[in-house]
Amino acid sequence: MNKPQPPSTSNFIKQIIDADLASGKHKSIVTRFPPEPNGYLHFGHAKSIALNYGLAQLYGGKCNLRFDDTNPEKEETEYVESILEMVKWLGYDYGTALYASDYFDFMYRAAELLISEGHAYVDSQSAEQVQLNRGSFSEPGKNSPDRDRKIDDNLTLFREMRDGQHADGTHVLRARIDMASPNINMRDPTLYRIKRATHHRTGDKWCIYPMYTYAHPIEDAVEGVTHSLCTLEFEDQRPFYDWLLGKLADGGLLKRPLPQQIEFARVNLTYVVLSKRKLIQLVAEGHVDGWDDPRMPTLAGARRRGYTPEGFKLFAERIGVSKANQVIEFSVLEDCMREHLNEVAPRRMAVLDPVKLVIENYPQGQEEMMEVPNHPQKPDWGKRQVPFARELWIEREDYQEVPVKGYFRLFPGNTVRLRYAYVVKCIGYDKATDTVRCEVLADSRSGTDGANKYKVKGNIHWVSVKHAHEAHVHLYDRVFKESLAQGLEHLNPDSKRTIAARLEPSLREARQDAAVQFERHGYFVADSSDASTFNRTVSLRDTWATANSP
RNA sequence: UGGGGAGUCGCCAAGUUGGUUAAGGCACCGGAUUUUGAUUCCGGCAUUCGUAGGUUCGAGUCCUACCUCCCCAGCCA
C-alpha cells in the first residue's frame with residue numbers, strides 16, 4: 001500500500017532551521033532530548049523525542065540523548081535505564097547517552113568566571129528571605145545585602161561551599177542581573193545550591209549542585225546543540241538562557257554561534273492525564289497495576305498494551321507542532337495505532353463472548369480443516385488450517401432472537417456465512433442449553449465453486465468447541481471517563497475487564513511482541529508478563545455498534 | 001496586578017513579504033468495492049480566520065482598541 005504520503009507541512013521550527021541554514025549560521029543542526037531521570041517516559045515525551053530526532057533526521061543532523069541529572073535527590077539509575085530502553089524501543093539510535101553531570105567541572109569553572117567578572121555573588125540570606133526579597137508580579141524585588149560582596153570574598157565563599165565548609169541552605173550562588181526586572185526569572189536567579197546528597201553518578205564528589213536554569217544552557221552549548229527545543233513554560237527563561245551564554249562566550253569559555261532555545265506547546269490528550277503527580281497517584285493507590293500497566297500513558301505501558309513505535313511516529317506527525325495549546329482527541333492516537341497495526345497484524349479468529357452454535361445437519365464427530373488466509377489483503381502471507389466441527393463458539397452478539405432494524409447476522413430464518421467455512425441458516429435458539437440452532441446449506445463450503453451462489457450479508461467468525469484454546473483476555477478502556485480529566489474523581493471504574501475467551505488453536509503459540517488482529521474485534525498482543533493472556537491494544541472501528549448504541 | 005505566550009472548521013494544522021475560489025490530516029456525512037458492519041476507493045464538509053473599528057482597489061495577513069485562554073514569584077525541572 002503506497003498511498004501518497006501527506007505533504008510534510010511546514011512548521012515554525014523548520015522555518016527557523018531553514019533560515020539558520022540558509023544564512024550560514026549553522027552548517028548542520030544538533031538537537032537534543034534531555035529528560036531528567038526522575039520518572040518514566042510518557043506520551044508527552046514521545047512527541048518531544050519524535051520532534052527532536054525527526055528534525056535531526058530530516059536535516060541530516062544529530063540528536064543527543066542527554067540526562068539532565070542536576071538534582072540528585074530526585075534521580076535514580078533505575079529511571080536512566082528505563083528511559084534508555086524506551087528511546088531504543090521507539091526506534092531511535094542515540095549512540096552514547098550523555099549526562100549533565102559529566103559537565104559539573106565545566107559548570108563550576110563557568111561559575112567562577114561569572115563571579116570573577118562580577119556577574120554572580122554568594123547570597124547568605126535564608127531561603128525565606130530570598131523569597132521575600134524577590135518581590136511579586138506587581139512589586140520589584142529588593143537587593144540582597146550580599147549583592148555587593150567583594151569578588152574575592154565571593155570566590156572564597158563559593159570555594160568553601162564546594163569544599164563542604166557550609167551547611168545545606170546557608171548560602172547560594174546567584175546571578176547578578178536585575179532585582180527590578182519585570183521578568184521575575186531575571187531577578188538574580190539561583191545558580192548553585194548546597195545539597196549534601198549522593199548523586200547516582202558522581203556519588204559524593206559534590207555537595208553543591210547547579211540549578212536547571214544555569215545548567216541547561218551550558219549543557220546545550222557544550223554539546224554544540226544548535227536548536228534547543230523545550231516546552232512553552234520555559235519561555236520566560238529564555239532571556240536568562242541568552243544572558244548566561246552571552247556572558248560565558250564573552251569570557252571566552254564558549255564559542256559562538258550559541259544555541260537557540262525554541263519553545264513549543266506540550267501535547268494534551270482527552271481522557272488522559274500526564275502530570276507526574278497524578279500518574280504516581282494512580283500507581284500508588286492501586287488504580288492501575290504499576291507503571292507499565294497497559295492503561296498507563298507511559299511508554300512502558302504503551303508497549304505492553306501493544307502500541308507501536310510506528311504508531312507513535314505517525315501520531316507525532318499528525319498532531320504537528322506549534323505554540324498553541326493543543327488538546328488532541330485520544331481517538332487520534334488510537335487511530336494511528338490502528339493504521340499501523342492494520343498493515344502488520346496477521347488475522348486470527350477469537351470469540352470473546354461465547355455462545356454455542358450447533359449445526360444440526362452436520363455429522364456428529366466430523367471434523368474438517370478450513371483454509372483461512374492470514375491477511376485477506378495480503379495473499380502472500382499465506383493461509384493456515386483451522387478446525388471446523390458441528391459445535392462452534394460464536395459471538396453472543398451475533399445472534400438476536402428478534403433482530404433490530406438493519407441487523408443482518410443470525411436470527412431465526414436468516415442465513416449467514418461462517419467466515420471461511422459454510423453458509424448456515426438459523427432455525428432457532430434452545431433456551432435450555434443456551435444454544436443457537438442452525439443447519440448448513442448444501443454446497444456452500446468456502447473456496448468451492450458452489451460457495452459463491454449464496455449471497456449473504458452476514459459474515460461471522462467462529463471457533464470449534466472441541467479445539468478451542470481457552471485464554472484470558474484483558475479488555476482495556478480509558479482510565480478516565482471525563483474528556484478533560486483532572487483527577488481521581490473522574491476515574492472510570494471499568495477500565496479493565498478480564499474475560500475468558502475461546503481462541504482458534506493457532507493462538508496457542510502467540511509471540512509476546514507480535515500483534516494479531518482478532519477479526520471483527522481489534523488488535524491484540526500476548527501480555528509480556530503472562531503469554532497465555534492477551535491484551536486488547538485497540539478495537540476495530542465499528543460504525544454499526546456506534547450507530548446503534550444509546 | 002507586572003511580564004511572557006496563544007487564539008484559522010468538532011480536534012490538530014498550513015497560510016511569512018497584503019492579491020484569483022482559506023492547504024492537508026483526523027472526525028463526520030454520502031456512495032462504491034469487500035467472505036472483517038474492518039480495510040480500501042470516490043465524493044461532500046470554513047462566503048470565513050477571537051471581537052469591534054480602521055487603512056487599502058484588495059486583509060487571516062497592516063493599524064487601533066477590546067475579549068478569552070495558558071505560563072512565571074522552588075535553594076524543582
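Treat the numbers as computed from the prediction; the structure is a model and nothing was measured. The figures that follow rest on heavy atoms only: side chains count, while hydrogens, waters and symmetry mates do not.
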Next item on the list: Would you please say whether a donor-acceptor pair under 3.5 Å links the side chains of A:Gln261 and A:Glu263?
Entry: yes
Next item on the list: Report which part of the nucleic acid A:Tyr209 touches: base, sugar-phosphate, or nothing (heavy-atom distance under 4.0 Å, all strands).
Entry: nothing
Note to self: Does B:U36 have its OP1 or OP2 closer than 4.0 Å to a side-chain nitrogen or oxygen of A:Gln517?
What the structure shows: no
Note to self: For a quick check of understanding: with a heavy-atom distance under 4.0 Å over all strands, which category does A:Gly406 fall into, base, sugar-phosphate or nothing?
What the structure shows: base
Check: Roughly how far apart, to the nearest Å, are B:U39 and B:U51 at atom P?
Finding: 36 Å
Notebook entry, point to check: When you compare B:G5 with B:C75, how far apart are their P atoms, in angstrom units rounded to a whole number?
Noted result: 23 Å
Checklist line | Any strand: nucleotide that pairs with B:G37 via Watson-Crick or wobble, under 3.5 Å | finding: none
Notebook entry, point to check: Expressed in whole Å, how much space separates the C1' atoms belonging to B:A23 and B:G50?
Noted result: 22 Å
Next item on the list: Identify whether any heavy atom of A:Ser136 sits under 4.0 Å from a base atom; if not, whether one sits that close to sugar-phosphate; answer base, sugar-phosphate or nothing.
Entry: base
Notebook entry, point to check: Just checking A:Tyr407: base, sugar-phosphate only, or nothing, at a heavy-atom cut-off of under 4.0 Å?
Noted result: base
Margin query: Under 4.0 Å, counting only non-hydrogen atoms across every strand here, what does A:Asn11 touch: a base, just sugar-phosphate, or nothing?
Written below: sugar-phosphate
Check: Expressed in whole Å, how much space separates the C1' atoms belonging to B:G44 and B:C9?
Finding: 14 Å
Check: Reckon A:Lys457 touches a base, only the sugar-phosphate, or nothing at all at heavy-atom distances under 4.0 Å?
Finding: nothing
Notebook entry, point to check: Contact class for A:Ser126 vs. all strands (heavy atom < 4.0 Å): base, sugar-phosphate, or nothing?
Noted result: base
Next item on the list: Walk me through it: do A:His199 and A:Phe104 pass the test ring pair (Phe, Tyr, Trp, His ring centres under 6.0 Å)?
Entry: CA-CA 12 Å; A:His199 188 281; A:Phe104 281 173; 5.7 Å; yes
Notebook entry, point to check: How far does the P atom of B:A77 sit from the matching atom of B:A13, given to the nearest Å?
Noted result: 30 Å
Notebook entry, point to check: Counting only side-chain N and O atoms of A:Ser10, is one of them less than 4.0 Å from OP1 or OP2 of B:G15?
Noted result: yes
Notebook entry, point to check: With no angle test and no hydrogens, is the base of B:A38 tied to the side chain of A:Gln377 by a donor-acceptor pair under 3.5 Å?
Noted result: yes
Check: If you measure only the distance, is there a donor-acceptor pair under 3.5 Å linking the side chains of A:Gln125 and A:Asn133?
Finding: yes
Note to self: Using a 4.0 Å heavy-atom cut-off, does A:Gln125 contact any base of the nucleic acid, only the sugar-phosphate backbone, or nothing at all?
What the structure shows: base
Note to self: Between B:G25 and B:A14, how many Å separate the two P atoms, rounded to a whole number?
What the structure shows: 15 Å
Check: If we take the P atom in both B:U55 and B:A46, what is their distance in whole Å?
Finding: 31 Å
Note to self: Once you apply a heavy-atom cut-off of 4.0 Å, does A:Asp335 come out as touching a base, just sugar-phosphate, or nothing?
What the structure shows: sugar-phosphate
Check: Base, sugar-phosphate alone, or nothing: which one does A:Glu263 contact when heavy atoms must sit under 4.0 Å apart?
Finding: nothing
Next item on the list: Please tell me which of A:Arg419 and A:Pro210 maps to the more 5' nucleotide of RNA chain B, matching each residue to the nucleotide holding its nearest heavy atom.
Entry: A:Arg419
Checklist line | A:Arg478 to A:Phe330 six-membered ring, cation-pi geometry met (6.0 Å, 45°) | finding: no
Item checked: Same-atom distance (P) from B:G54 to B:G60, integer angstrom -> 15 Å
Margin query: Just to be sure I understand the rule, does A:Arg338 reach a base, reach only the sugar-phosphate, or reach nothing, if contact means heavy atoms closer than 4.0 Å?
Written below: nothing
Notebook entry, point to check: Going by a 90° cut-off around 0, is B:G74 syn or anti?
Noted result: syn
Margin query: Tell me every residue that passes ring pair (Phe, Tyr, Trp, His ring centres under 6.0 Å) with A:Phe411, counting only those two or more places apart in sequence or in another chain.
Written below: none
Check: Base, sugar-phosphate, or nothing for A:Asp236, non-hydrogen atoms under 4.0 angstrom?
Finding: base
